[in-house]
Amino acid sequence: MLVVMKPHATPEQIAGVEERIRSLGLTPHAIPGAQRVAIGITGNKGALDPAAFETMPGVADAIRVSQPFKLVSREVKEEDTVIDVDGVSLGGKAIRVMAGPCSVESKEQLLEAAHAVKQVGATFLRGGAFKPRTSPYEFQGLGEEGLKLLALAREQTGLKVVTEVMDTDQLPMVAEYADVLQIGARNMQNYSLLKRVGAVGKPVLLKRGPAATIKEWLMAAEYVVSEGNYRVALCERGIRTFETMTRNTLDLNAVPVLKALTHLPVVVDPSHGIGLRAHVPAMARAGVAAGADGLIVEVHPAPDRALSDGHQSLTPAEFAGLMTQVRVIAGAIGRPV
Ligand code: PEP
Ligand code: MN
């Protein structure tokens with residue numbers, strides 16, 4: 001259920017509705033909107049009777065929400081969510097590009113990548129300090145040393161830092177350095193991590209699980225938002241299909257479908273999506289054409305020497321080319337990059 005307040009409802013009227021919701025043993029979630037406040041209700045087992053709220057002072061309407069994901073749905077919040085990442089927006093008209101190495105490997109590697117991507121228009125620096133690797137014998141990341149290097153790169157370039165947090169033990173440390181907490185594909189349904197990340201209140205980039213349906217993914221986002229953190233962006237990074245020529249199958253269907261179902265920003269990861277360096281720019285262009293609000297792209301000063309995902313990482317020069325192409329596509333649909 002969603003209780004929509006009148007445009008000029010007073011703080012007392014809003015508090016009155018929240019109190020009524022609590023008195024029923026349920027949880028109110030005030031959803032800020034440009035014109036008016038709406039209050040989402042969670043915790044009910046069956047459908048609620050709208051009449052319980054419709055006649056309260058300041059209430060414009062009480063609407064049943066048909067989707068199982070409530071707070072992330074467009075039914076509950078019609079306007080797009082624009083995430084404020086410390087002064088940089090994600091989810092508005094402008095398309096944001098996040099770029100950088102798969103893993104933070106060294107000071108020289110990270111700084112070179114950061115300056116290069118900044119120079120051609122990226123606004124976020126990506127880089128993993130804690131890496132979820134398929135094999136325990138592969139490079140696992142530099143840990144806190146990597147986080148410190150990300151902070152140094154931010155200081156030098158002004159780029160916002162996106163980095164992965166793999167578990168709840170790491171969360172306090174990663175949250176200290178990150179501007180955006182990345183939840184990796186393998187962790188999309190780690191519900192204790194999702195709840196804790198929701199409570200921390202930092203912006204979150206929630207990657208899609210390789211075998212997750214769009215509904216499961218939105219339910220995962222609901223875990224974060226239901227803790228009171230609306231600053232969540234969804235990242236399509238490819239799903240597992242029968243195809244073996246590509247690392248994953250970038251599901252660009254998800255982009256318009258998500259934009260219809262949810263108010264949250266959608267980011268496309270063409271690097272993991274196709275997994276082949278030569279084809280990353282094509283899928284980046286396609287992601288923007290499909291309506292993505294952002295891209296996240298792996299860039300390495302020397303991809304052939306990368307400790308992870310070198311085969312899908314672009315050189316700085318290739319990334320510059322991608323940016324030029326992406327700007328043309330974005331311009332055609334009226335969006336700046
Ligand atoms: C990554 O961004 O380097 C990464 C590990 O991504 P994913 O969780 O999508 O596999
Ligand atoms: Mn990677």
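Start at 1 and go down the list; that is how both ligands and their atoms are numbered. The chain is numbered in sequence order, starting from 1.
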Considering just N/O/S atoms, say which atom of E298 is closest to the Mn ion (ligand 2).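 The E298 atom nearest to the Mn ion (ligand 2), restricting to N, O or S, is OE2.
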
Between the Mn ion (ligand 2) and D309, which N, O or S atom of the residue is the nearest one?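 Output for this pair reads OD2.
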
Is the shortest distance from a heavy atom of Q182 to ligand 1 less than 4.0 Å?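 In this structure, Q182 qualifies as a contact of ligand 1 - some heavy atom is under 4.0 Å.
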
Check the pair H115 / Q156 against side chain to side chain donor-acceptor pair (under 3.5 Å), numbers first and verdict last. CA-CA 8 Å; H115 285 284; Q156 290 196 5; 2.8 Å; yes

Under 3.5 Å donor-acceptor, [X] side chain and [Y] backbone:
X	Y	value
T262	L258	no
R335	G92	yes
D269	S271	yes

Contact (N/O only, under 3.5 Å) between [X] and ligand 1:
X	value
K207	yes
E164	no
D269	no
G184	no

Could you walk me through whether D80 and R74 satisfy the salt bridge (charged side-chain N to carboxylate O under 4.0 Å, His left out) test, starting with their C-alpha distance in whole Å, then the side-chain angles of each, then the deciding distance to 0.1 Å, before giving a yes or no? CA-CA 8 Å; D80 286 337; R74 278 246 188 241; 2.6 Å; yes

Considering the options R237, E236, Q312, which one meets the side-chain hydrogen bond (donor to acceptor under 3.5 Å, both in side chains) requirement together with H272?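 Only one of R237, E236, Q312 forms a side-chain hydrogen bond (donor to acceptor under 3.5 Å, both in side chains) with H272, namely Q312.
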
Would you say the side-chain atoms of N44 and T42 include a donor-acceptor pair closer than 3.5 Å?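 No, no side-chain donor-acceptor pair sits under 3.5 Å.
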
With distance as the sole criterion, is a donor-acceptor pair present between the side chains of E78 and H263 under 3.5 Å?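 Side chains of E78 and H263: no pair found under 3.5 Å.
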
[atom] - nearest protein heavy atom and its distance:
atom	value
atom 4 (C) of ligand 1	H272 NE2, 3.5 Å
atom 2 (O) of ligand 1	R126 NH1, 2.8 Å
atom 10 (O) of ligand 1	R237 NH2, 2.8 Å
atom 8 (O) of ligand 1	A185 N, 2.8 Å

Apex the Mn ion (ligand 2); atoms C102 SG and H272 NE2; angle rounded to 10 degrees: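 Rounded to 10°, it measures 170°.
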
Taking the side chain as everything from C-beta on, heavy atoms only, tell me whether L150 gets closer than 4.5 Å to V104.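 Yes, side chains in contact.
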
Atom indices of ligand 1, in the order listed, that fall short of 4.0 Å to a heavy atom of [X]:
X	value
C102	3 (O)
E298	3 (O)
K131	1 (C), 3 (O), 5 (C)

Point-to-point distance, once rounded to the nearest 0.5 Å, from OG of S89 to CG of D84: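 Going from OG on S89 over to CG on D84, the span is 8.0 Å.
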
